[in-house]
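Indexing begins at 1, ligand by ligand and atom by atom, following the structure's order.
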Amino acid sequence: MEGMDSEKDGSGIDRNAPIGVFDSGIGGMTVVREIIRQNPDERIVYFGDVARLPYGSKTKDTIVRFARQITRFLRTKQVKAIVVACNTASAYALDILKEESDIPMIGVIGAGARAAIQATRNGKIGVIGTDATIGSNIYTDVMIQLRPDIQVTGKACPLFVPLVEEGLWHDSVTDEIASRYLNELKGKYIDTLVLGCTHYPLLRSTLRRLMGDEVTLVNPAYETAIELKALLAQLGLARDPQEPVEGEKYSFYVSDLAEKFRNFAVSILPGEVKEIQKINIEEY
Ligand code: DGL
């Protein structure tokens, strides 16, 4: 079960190597943004699998196959640790990848669950995510392990990912769909809502307006970035800030549509995104 820190020790790993981060698409850039905020000295190699998204409607076998290919690709970039920024891949593939890996790997679900438990006052938490993430029940399982009396209501919001990837972040169509999805959660009197998909923070203002100010919105990316920082420090893998960076500090790779990705990436991370390279992920 995805959750706690990796147990790999950092011996033999180059602390000045980059961190690998991956997602099914643009959404993982919201995690990169938080990683940069919390870990400004670290180098990052990002992969967005835009050719094969959405992951949220795929089976476990397919998600694990994709995640393994991406892990192999990131290892060719000599990464020192990997953040599985995608909730869906964290839910289905992280435990398997961790067992196969000799470098530390973390996902986003343990961090998101812990943040929600800390935030709730009435013990009623909502989780929104892809069909696969909600179907896995992983957020509920992790939260109940942390606090057995917690009430968790999950709601799959499968149309959010295509709406975000199409750039409809502030649009009446998105408003209409979001209000249909969220109505069910409103009837459960939740006071905390986990944005359990990396794409959803890009709809934050819509979600905030529809849920009202009394509901705390939890973005697992924030806690994940803090968890990563603590893990790197604990393993002696934090980058030496005195060490000069050779080449780009941040590199971005996608499996398709590099130009479209670039336009979105620049709006999420202004100033940090230079070149985006398209690769054939099926080769890995
Ligand atoms: N961004 C991914 C997540 O966090 C999933 C989006 C997709 O369905 O590909 O769950």
Side-chain angles (χ1 to χ4, degrees), residues 2-3 20-35 46-67 69-71 82-95 97 105-113 115-116 126-140 142 154-169 174 177-178 181 193-204 207 217-225 227 252-257 260-261 264-265 268 281:
E2 199 263 325
V21 182
F22 77 86
D23 183 47
S24 59
I26 185 84
M29 295 295 283
T30 61
V31 181
V32 170
R33 182 171 59 190
E34 295 303 332
I35 293 175
Y46 181 83
F47 178 76
D49 200 0
V50 288
R52 305 189 294 188
L53 122 171
Y55 280 16
S57 55
K58 307 268 187 314
T59 59
K60 175 176 178 174
D61 284 355
T62 303
I63 295 164
V64 170
R65 184 168 71 81
F66 290 176
Q69 285 178 320
I70 298 168
T71 301
I82 293 179
V83 178
V84 181
C86 177
N87 288 259
T88 310
S90 295
Y92 287 96
L94 181 67
D95 283 349
L97 296 176
M105 301 193 72
I106 62 169
V108 287
I109 289 170
V127 181
I128 52 176
T130 64
D131 272 323
T133 300
I134 299 304
S136 76
N137 225 29
I138 188 166
Y139 268 107
T140 308
V142 174
K155 176 74 187 161
C157 304
L159 290 173
F160 281 173
V161 169
L163 288 168
V164 168
E165 293 278 334
E166 285 306 316
L168 301 173
W169 304 358
T174 308
I177 290 166
Y181 284 147
L193 178 64
V194 180
L195 310 186
C197 172
T198 51
H199 288 67
Y200 299 177
L202 299 168
L203 302 177
R204 192 180 186 100
L207 301 173
L217 302 183
V218 171
N219 175 4
Y222 178 73
E223 285 294 322
T224 302
E227 183 183 329
F252 300 91
Y253 296 86
V254 286
S255 46
D256 206 354
L257 296 173
K260 186 176 173 199
F261 183 91
F264 286 132
I268 296 171
I281 194 65

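Listed by number with element, the atoms of ligand 1 under 4.0 angstrom from any heavy atom of Asp23 are 1 (N), 2 (C). Listed by atom number, the atoms of ligand 1 under 4.0 Å from His199 heavy atoms are 1 (N), 6 (C). Of all the atoms in ligand 1, the ones that sit under 4.0 Å from a non-hydrogen atom of Pro54 are 7 (C), 8 (O), 9 (O). The ligand atoms of ligand 1 that sit less than 4.0 angstrom from a heavy atom of Gly56 are 7 (C), 8 (O), 9 (O). Which parts of ligand 1 touch Cys86 is read off a 4.0 Å heavy-atom cut-off, strictly below it: atoms 2 (C), 3 (C), 4 (O), 5 (C), 10 (O). Below 4.0 Å from some heavy atom of Asn87 lie the following atoms of ligand 1, by number and element: 3 (C), 4 (O), 10 (O).
Below 3.5 Å of separation, one finds an N or O of Thr198 facing an N or O of ligand 1. Among the atoms of Ser57, none of the N or O lies under 3.5 angstrom from an N or O of ligand 1.
Scanning the protein heavy atoms around atom 10 (O) of ligand 1, the nearest turns out to be Thr88 OG1, 2.7 Å. Closest protein heavy atom to atom 6 (C) of ligand 1: Ser24 OG, 3.3 Å. When only non-hydrogen protein atoms are considered, atom 7 (C) of ligand 1 lies nearest to Tyr55 N, 3.2 Å.
Across Ile134, Leu207, Val194, a single residue satisfies side-chain contact (heavy atoms from CB on, under 4.5 Å) together with Ile128, and that is Leu207.
Side chain to side chain, Ser255 and Asp49 meet the donor-acceptor criterion of an N or O pair below 3.5 Å.
Note on ring orientation: taking the six-membered ring where Trp is involved, the planes of Phe252 and Tyr46 are tilted (angle from 30° to 60°).
Among residues two or more places apart in sequence or in another chain, the ring-ring contact (aromatic ring centres under 6.0 Å, His included) test is passed with Phe66 by Tyr55. Qualifying salt bridge (charged side-chain N to carboxylate O under 4.0 Å, His left out) partners for Arg33, counting only residues two or more places apart in sequence or in other chains: none.
Of the possible donor and acceptor atoms, one in the side chain of Glu165 sits under 3.5 Å from a partner among the backbone N and O of Ile26. Within the 3.5 Å criterion, the main-chain N or O of Ala132 finds no donor-acceptor partner in the side chain of Thr88. At least one donor-acceptor pair under 3.5 Å links the side chain of Thr30 to the backbone N or O of Thr198.
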